[in-house]
Amino acid sequence: AAKHDGRGGVARFEASMAASVDAHLRVHERLQHALRHGGLQLHYQPQFDWDAERVTTVEALLRWSDPVLGAVSPQRCIEVAEATGLIVSLGDWVLEQACRQARQWRDQGAAVRVAVNLSPQQFRLPDLPQRIVAMMQRHGLPGEALELEITESHAMADPQRACVALRQLMEHGIELALDDFGTGHSSLAQLKRLPLHRLKIDREFVRGIPHDGVDAALVRGVARLARLLRLQTVAEGVETATQAWHVRRHGVDAIQGWVLDRAQPAHEVARWFGPQGAARALARLRDAAPA
Ligand code: C2E
Ligand code: MG
Ligand code: MG
Ligand code: MG
């Protein structure tokens, strides 16, 4: 088709390439500025564990609103940071911030774990486990204070390497989750070898619950499989109390999603901690409890 466009098509293509390179550079420049001078934030989304009957974990999610560019999605930030090498400093900033917050919550008596997403390139850094362990020691944090999430698709891109890095992290007591599970392609042989604590079932399969029988069967299947592999499960993107109870019935151990809360600044997510927070979460979920 490009041939029929003739020169005009090529020019249009070049112009749009140039525009996208330009946009990339602008985001890169502003991101670098934000890393140096502030502007990035972590918000935290609670995860409710059915057996513990409380919020045991909060996931740190990157938020960035730039004075020039406006709000930039975390996917876009990560994409640009990965392409331009900023990912090392951005990744360190996120980990450092999460550790500092975990320390503060612990000092306030909240036994909550902070989950941090790792980007593919960040996960590939050969010294990542040592860096994370050193950071945690600096903040006086036990391994269990931190959970790391890597997506299924990038763990499976190089399962052997993933295995080595995850094992090192696990030896230090750090919790490990496979994110967006069901959207990548794990072979069971690889899955059973990966050192992990939990699978996060992608929102894709939660969305259709309770009406979609296929989604229900898939969630139940993953929960069973996880149990066989001695892994816990978390359902992502649970938006209603009805969905929460259904995934529980399907054998899922924990839920995360708007039914409880969106990702919030640290001081706001603290309302889900402690006995009062647990009572609040249960009250929220009880609305749709089966009779
Ligand atoms: P993720 O790790 O799978 O995070 C879950 C995403 O689902 C978040 O989007 C969250 O805000 C959204 N979400 C949570 N509950 C619900 C719900 O009930 N309904 C719906 N529709 N959405 C819900 P967010 O914050 O835009 O982040 C998107 C992705 O960006 C994350 O997906 C993660 O892959 C990546 N990301 C975010 N922060 C970081 C970070 O600090 N480092 C890295 N490497 N990646 C990050
Ligand atoms: Mg995640
Ligand atoms: Mg996820
Ligand atoms: Mg997801």
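In listed order, ligands and their atoms are each counted from 1.
Here Leu61 has heavy atoms under 4.0 Å from ligand 1 in both its backbone and its side chain. At a heavy-atom distance under 4.0 Å, no atom of His43 approaches ligand 1. Contact annotation for Gln256 and ligand 1: no heavy atom of the residue comes within less than 4.0 Å of the ligand. At a 4.0 Å heavy-atom cut-off, ligand 1 touches Leu118 through the backbone alone. When heavy-atom distances to ligand 1 are checked against a 4.0 Å cut-off, Asn117 comes that close through both its backbone and its side chain.
The Mg ion (ligand 2) lies under 2.8 Å from an N, O or S atom belonging to Asn117.
Taking the ring centroids of Tyr44 and Trp105, they lie under the 6.0 Å cut-off.
No more than 12 heavy atoms of other residues, nucleotides or ligands lie within 6.0 Å of CZ in Arg224, so this atom counts as exposed by the packing criterion.
Of the residues Arg271, Arg284, Gln45, the one that meets the side chain to side chain donor-acceptor pair (under 3.5 Å) test with Asp261 is Arg271. Applying the salt bridge (charged side-chain N to carboxylate O under 4.0 Å, His left out) test between Asp253 and each of Arg227, Lys200, Arg248 identifies Arg227 as the sole match.
No side-chain heavy atom of Asp202 sits less than 4.5 Å from a side-chain heavy atom of Phe181.
Atoms CG and CG, on Leu199 and Leu225 in that order, are 7.0 Å from each other to the nearest 0.5 Å. In this structure, His197 NE2 and Arg230 CZ are separated by 14.0 Å, a value rounded to the nearest 0.5 Å.
Polar contact check, Leu62 against ligand 1: a nitrogen or oxygen pair lies under 3.5 Å apart. Checked against a 3.5 angstrom limit, the closest N/O atoms of Asp179 and ligand 1 fall inside it. Between Gln45 and ligand 1, at least one pair of N/O atoms sits closer than 3.5 Å.
The heavy atom nearest to atom 17 (C) of ligand 1, considering only Trp258, Trp93, Trp64, Phe123, is found in Trp258. Residue Pro74 holds the heavy atom nearest to atom 27 (O) of ligand 1 of all those in Ala177, Gly91, Pro74.
Below 4.0 Å from some heavy atom of Val94 lie the following atoms of ligand 1, by number and element: 41 (O). Near Gly257, with a cut-off below 4.0 Å to any heavy atom, the atoms of ligand 1 are 15 (N), 18 (O). Remark: ligand 1 atoms within the under-4.0 Å shell around heavy atoms of Val238 are 18 (O). For ligand 1, the atoms lying closer than 4.0 Å to a non-hydrogen atom of Ile78 are 42 (N), 43 (C), 44 (N), 45 (N). Listed by number with element, the atoms of ligand 1 under 4.0 angstrom from any heavy atom of Ser119 are 44 (N).
The shell of residues lying under 4.0 angstrom from ligand 1, judged by heavy atoms, excludes Lys200. Residue Gly237 places a heavy atom under 4.0 Å from ligand 1. Contact annotation: Arg63 has at least one heavy atom less than 4.0 Å from an atom of ligand 1.
Summary: OE1 is the N/O/S atom of Glu149 found nearest to the Mg ion (ligand 2).
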message: Go through it in stages, so that I can follow the logic: the residues are Gln256 and Glu59, the test is side chain to side chain donor-acceptor pair (under 3.5 Å), and I'd like the CA-CA distance, side-chain angles, deciding distance and then a yes or no.
response: CA-CA 9 Å; Gln256 180 180 343; Glu59 180 175 4; 2.7 Å; yes
- request: Step by step, work out the side chain to side chain donor-acceptor pair (under 3.5 Å) result for His139 and Glu96.
  value: CA-CA 9 Å; His139 288 276; Glu96 181 70 33; 2.8 Å; yes
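For Arg161 and Phe123, the positive end sits near the middle of the six-membered ring, less than 6.0 Å away and at most 45° from its axis.
A salt bridge is defined here as a Lys NZ or Arg NE, NH1 or NH2 lying under 4.0 Å from an Asp or Glu carboxylate O, and Glu79 with Arg76 meets this definition.
Rounding to 10 degrees gives 180° for the angle at the Mg ion (ligand 2) between OD2 of Asp179 and OE2 of Glu59.
Checked by atom type and distance alone, the side chain of Arg63 never pairs as donor or acceptor with a backbone atom of Leu40 at under 3.5 Å.
The aromatic rings of Trp50 and Trp245 sit tilted, their planes meeting at an angle between 30° and 60°.
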